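All residue numbers in this chain count up from 1 along the given sequence. What you are looking at is a predicted structure, and each value in this text was computed from that prediction instead of being measured.
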Amino acid sequence: MSAPAPFTVRYRDDDPQRLLDRPGTLALLGFGAGAPACADPRALRVPLAPLQDVVPRESWEVDAAVTCGRDGELRWAAGGGWLYAAIELDEAACGGAEAAAERAYRRLGAFTAARPERHVQRIWNYLGAINAGEGDAEHYRRFCSGRARGMTTHFADGYPAATAIGHGDAPGLLQVYWLAASAPGVAVENPRQLSAWRYPRQYGPTAPTFARAQRLPGGGLAISGTAAVVGHATLHAGDVLAQLEESLANLDALQAAAGLRPGFGAASPLKIYVRDPRDARAVAARLDARLAPEVPRLLLQGDICRRDLLLEIDGWRFERGE
């Protein structure tokens, strides 16, 4: 099985249409209400408010020609052995959070299974009011149960990297998008953390179904949402900067587990989700002190899956150009 064409992710400030006109643009993600609407299936507005003045777009780029289209409620683009696919659903219209998650995953899974780019590498899930409800009725726990039911067929061989974050946009909006490839990746676990699918019952009736990271075919590391969790327990409740330091320690351990030296460079963009916008300035200052200045970063307001978590980080690690 041949490796897909080179793939990379960049944060770009260019005009959206100019970016879409570039050869090899697989997907273009805009953030918040200011992201312009666009009919191109590759352009997606992510419903998370930015916490910085300059808000770049996230551009997925392949060294190949790209085709794109729509299949009912699903949008997609493919090229060079890579596939982007996305779906947005109204949870109420689907019968609730669990039913919407199951439908999204079954729909995306069936579409991807029928394509040559059938190996899912990385998934993003954005849902409203993620912490609403008590106990097993919490929105995130109900989402996890529906997601697991929707994954039963397509993900029988293991889980890809993933992120789940709460948004404050349209009530009931579930947005799921993912990256797949024509060759399998390799899941990576963090030795400092219990694998998510092995979490004990205290976190809900259905454990989260994702790997901590994924080695991409052809090179690169797709990093899941990473927070101040060691073993399965949250650390430093109420202290956002201590949680940031613990998250960075987890990222170092994760990269080492993937066989990479710790650290990020200009080719490795990061997203930092911050629960309370009032913490954004302190978080940005600490990141300035802890990361090299050339590391691309994007701060977004997002609710984390546990109420005692104040921030989460995900992103990419590419070694090209570093």
Colleague: Show the nearest heavy-atom pair for residues P217 and A181, with the distance to one decimal.
Modeller: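 P217 and A181 have their closest heavy atoms at CG-CB, 3.9 Å.
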Colleague: Show every donor-acceptor pair shorter than 3.5 Å between a side-chain atom in residues 46-54 and any protein atom, with sequence neighbours excluded, or say none if there are none.
Modeller:
unit_1 : atom_1 : unit_2 : atom_2 : d
Q52    : OE1    : L299   : N      : 2.8
Q52    : NE2    : V54    : O      : 2.8

Colleague: Do L108 and M151 come close enough that some side-chain heavy atom pair is under 4.5 Å?
Modeller: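 They are not in contact (no side-chain heavy atoms under 4.5 Å apart), so the answer is no.
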Colleague: Any donor-acceptor pair under 3.5 Å linking the side chain of T152 with the backbone of R149?
Modeller: yes
Colleague: Taking the six-membered ring where the residue is Trp, are the ring centres of F7 and W316 under 6.0 Å apart?
Modeller: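 For F7 and W316, the ring centres are under 6.0 Å apart.
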Colleague: Start with the C-alpha distance between L235 and V229, add both sets of side-chain angles, then the distance that settles side chain to side chain contact (heavy atoms under 4.5 Å, CB included), and finish with yes or no.
Modeller: CA-CA 6 Å; L235 299 188; V229 173; over 6 Å; no
Colleague: With W60 as reference, evaluate Y84, W178, W82, Y11 under the ring pair (Phe, Tyr, Trp, His ring centres under 6.0 Å) test and give the passing residue.
Modeller: Y84
Colleague: Does any part of the side chain of I87, heavy atoms only, come nearer than 4.5 Å to the side chain of F111, both counted from C-beta?
Modeller: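 The answer is no, as the side chains (C-beta and beyond) never meet within the 4.5 Å cut-off.
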Colleague: Between R317 and A267, is there a donor-acceptor pair closer than 3.5 Å when you use the side chain of the first and the backbone of the second?
Modeller: no
Colleague: Are Y177 and W76 grouped together when hydrophobic residues (ILVMFWY) are joined by side-chain heavy atoms under 4.5 angstrom apart?
Modeller: no
Colleague: With a 3.5 Å distance limit and no angle check, can you tell me whether T234 reaches the backbone of L309 through a side-chain donor-acceptor pair?
Modeller: no
Colleague: Hey, mind stepping through Q214 and Y159 against side chain to side chain contact (heavy atoms under 4.5 Å, CB included) and telling me if it holds?
Modeller: CA-CA 9 Å; Q214 183 95 341; Y159 304 121; over 6 Å; no
Colleague: Give a yes or no on whether the backbone of L174 and the side-chain of E88 come within a donor-acceptor separation of less than 3.5 Å.
Modeller: no
Colleague: List the atom of A282, the atom of L241, and the distance in Å for their closest heavy-atom pair.
Modeller: O-CD2, 3.7 Å
Colleague: Among R275, R307, R141, R306, find the residue that satisfies the side-chain hydrogen bond (donor to acceptor under 3.5 Å, both in side chains) test when tested with N131.
Modeller: R275
Colleague: If you draw a 6.0 Å radius around CZ in R278, do more than 12 non-hydrogen atoms from other residues or ligands fall strictly inside?
Modeller: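 Atom CZ in R278 is not packed in, count stays at 12 or less.
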Colleague: For R261 and Q255, test the side chains for any donor-to-acceptor distance below 3.5 angstrom and give the result as yes or no.
Modeller: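 The answer is no; no qualifying pair exists.
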Colleague: Are the side chain of Q121 and the backbone N or O of H119 linked by a donor-acceptor pair below 3.5 Å?
Modeller: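 Answer holds: yes.
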Colleague: Go through the structure and list residues passing ring pair (Phe, Tyr, Trp, His ring centres under 6.0 Å) with F31, not counting sequence neighbours.
Modeller: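 Counting only residues at least two positions away or on another chain, F31 forms no ring pair (Phe, Tyr, Trp, His ring centres under 6.0 Å).
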Colleague: How long is the gap from CG on D303 to NE2 on H139, to the nearest 0.5 Å?
Modeller: 11.5 Å
Colleague: Where is the tightest heavy-atom contact between L83 and A78, given as atom of each residue plus distance?
Modeller: CD1-CB, 4.1 Å
Colleague: Kindly determine whether L270 and F264 satisfy side chain to side chain contact (heavy atoms under 4.5 Å, CB included), including the steps that lead there.
Modeller: CA-CA 9 Å; L270 299 176; F264 297 93; 3.7 Å; yes
Colleague: Does F210 belong to the same Ile/Leu/Val/Met/Phe/Trp/Tyr cluster as I123, with side-chain heavy atoms less than 4.5 Å apart forming each link?
Modeller: no
Colleague: Check the hydrophobic clustering (I, L, V, M, F, W, Y; side-chain heavy atoms under 4.5 Å; chains of links allowed) and say if L89 and L127 are grouped together.
Modeller: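 Yes, one cluster joins them.
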Colleague: May I ask you to decide if D308's main-chain N or O and Q243's side chain share a donor-acceptor pair within less than 3.5 Å?
Modeller: yes
Colleague: If you group Ile, Leu, Val, Met, Phe, Trp and Tyr by side-chain heavy-atom gaps below 4.5 Å, do V66 and L179 land in one group?
Modeller: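 They do share one cluster, since a chain of ILVMFWY contacts under 4.5 Å joins V66 to L179.
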Colleague: So, R106 and E102, do they make that salt bridge, N to O below 4.0 Å?
Modeller: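 Salt bridge between R106 and E102, a charged N being under 4.0 Å from a carboxylate O: yes.
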Colleague: With a 4.5 Å cut-off on side-chain heavy atoms, are C305 and I130 touching?
Modeller: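 In short, these two side chains touch, coming nearer than 4.5 Å.
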Colleague: When hydrophobic residues are tied together by side-chain contacts of less than 4.5 Å, even through go-betweens, does Y126 share a cluster with L173?
Modeller: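 No, Y126 and L173 fall in different hydrophobic clusters.
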Colleague: State, with a plain yes or no, whether a side-chain heavy atom of V9 is found less than 4.5 Å away from one of S59.
Modeller: no
Colleague: Please round to the nearest 0.5 Å and tell me the distance separating atom CG of L216 and atom CG of L221.
Modeller: 7.0 Å
Colleague: If I take atom CG from residue L310 and atom OG from residue S247, how far apart are they, to the nearest 0.5 angstrom?
Modeller: 9.5 Å
Colleague: Any idea which heavy atoms bring A43 and C38 closest together, and the distance?
Modeller: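 For A43 versus C38, the nearest heavy atoms are CB-CB, 3.8 Å.
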Colleague: With a 4.0 Å cut-off, would you call D71 and R107 a salt bridge?
Modeller: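 Counted as a salt bridge, because a side-chain N and a carboxylate O are separated by less than 4.0 Å.
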Colleague: Do E58 and R10 sit within salt-bridge range, that is, some charged N less than 4.0 Å from a carboxylate O?
Modeller: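 No, no charged N to carboxylate O under 4.0 Å.
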Colleague: Taking only residues two or more places apart in sequence or in another chain, which ones pass side-chain contact (heavy atoms from CB on, under 4.5 Å) with R297?
Modeller: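 Once residues adjacent in sequence are excluded, the partners of R297 under the side-chain contact (heavy atoms from CB on, under 4.5 Å) criterion are I272, L287, D288, L291, V295.
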Colleague: What residues, two or more places apart in sequence or in another chain, satisfy side-chain contact (heavy atoms from CB on, under 4.5 Å) together with D21?
Modeller: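 Expected list: Q17.
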Colleague: Evaluate the side-chain proximity of Q175 to N125: yes if any heavy-atom separation is below 4.5 Å, no if none is.
Modeller: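 No; the side chains remain at least 4.5 Å from each other.
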Colleague: Could you walk me through whether V240 and V283 satisfy the side chain to side chain contact (heavy atoms under 4.5 Å, CB included) test, starting with their C-alpha distance in whole Å, then the side-chain angles of each, then the deciding distance to 0.1 Å, before giving a yes or no?
Modeller: CA-CA 8 Å; V240 67; V283 169; 3.9 Å; yes
Colleague: Indicate yes or no for a side-chain donor-acceptor contact from S224 to the backbone of R212 under 3.5 Å, with no hydrogens or angles considered.
Modeller: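 Here the side-chain-to-backbone pair exists.
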Colleague: Looking at R147 and E98, is any side-chain nitrogen of the basic one under 4.0 Å from a carboxylate oxygen of the acidic one?
Modeller: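 No, E98 and R147 are not salt-bridged.
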Colleague: Taking C-beta and beyond as the side chain, do H236 and E246 meet within less than 4.5 Å on heavy atoms?
Modeller: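 Result yes, sub-4.5 Å side-chain heavy-atom pair found.
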Colleague: Which pairs pass side-chain hydrogen bond (donor to acceptor under 3.5 Å, both in side chains) with one or both residues in residues 33-43, sequence neighbours excluded?
Modeller: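 Passing the test, one end in residues 33-43: D40-R42.
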Colleague: For I223, does its backbone N or O pair with a side-chain atom of R122 as donor and acceptor, under 3.5 Å?
Modeller: yes
Colleague: Applying ring pair (Phe, Tyr, Trp, His ring centres under 6.0 Å), name anything that partners Y203, two or more places apart in sequence or on another chain.
Modeller: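 With sequence neighbours excluded, Y203 shows a ring pair (Phe, Tyr, Trp, His ring centres under 6.0 Å) to Y199, H232, given in chain and number order.
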Colleague: Quick one: pull up CD in E73 and CZ in R103 and give me the separation to the nearest 0.5 Å.
Modeller: 4.0 Å
Colleague: Say whether S195 and E189, considering side chains only, have a donor N or O and an acceptor N or O under 3.5 Å apart.
Modeller: yes
Colleague: Mind checking the OH-CD1 spacing from Y140 to I165? Nearest 0.5 Å is all I need.
Modeller: 9.0 Å
Colleague: Are more than 12 heavy atoms from other residues, nucleotides or ligands located less than 6.0 Å from atom CZ of R115?
Modeller: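 Enclosed.
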Colleague: Give the minimum heavy-atom separation between P200 and L194, together with the two atoms involved.
Modeller: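 Of all heavy-atom pairs spanning P200 and L194, the closest is CD-CD2, 4.2 Å.
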Colleague: With the side chain counted from C-beta on, respond yes when R70 and R75 share a heavy-atom pair under 4.5 Å apart, and no when they do not.
Modeller: yes
Colleague: Just how far is it from atom CD of E312 to atom CG of N250, taken to the nearest 0.5 Å?
Modeller: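 CG of N250 is found 11.0 Å from CD of E312.
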Colleague: I need the minimum non-hydrogen distance between S182 and P4, along with the two atoms involved.
Modeller: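 That closest heavy-atom pairing would be OG-CG, 3.8 Å.
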Colleague: Would you say P36 and R45 make side-chain contact, with heavy atoms under 4.5 Å?
Modeller: no
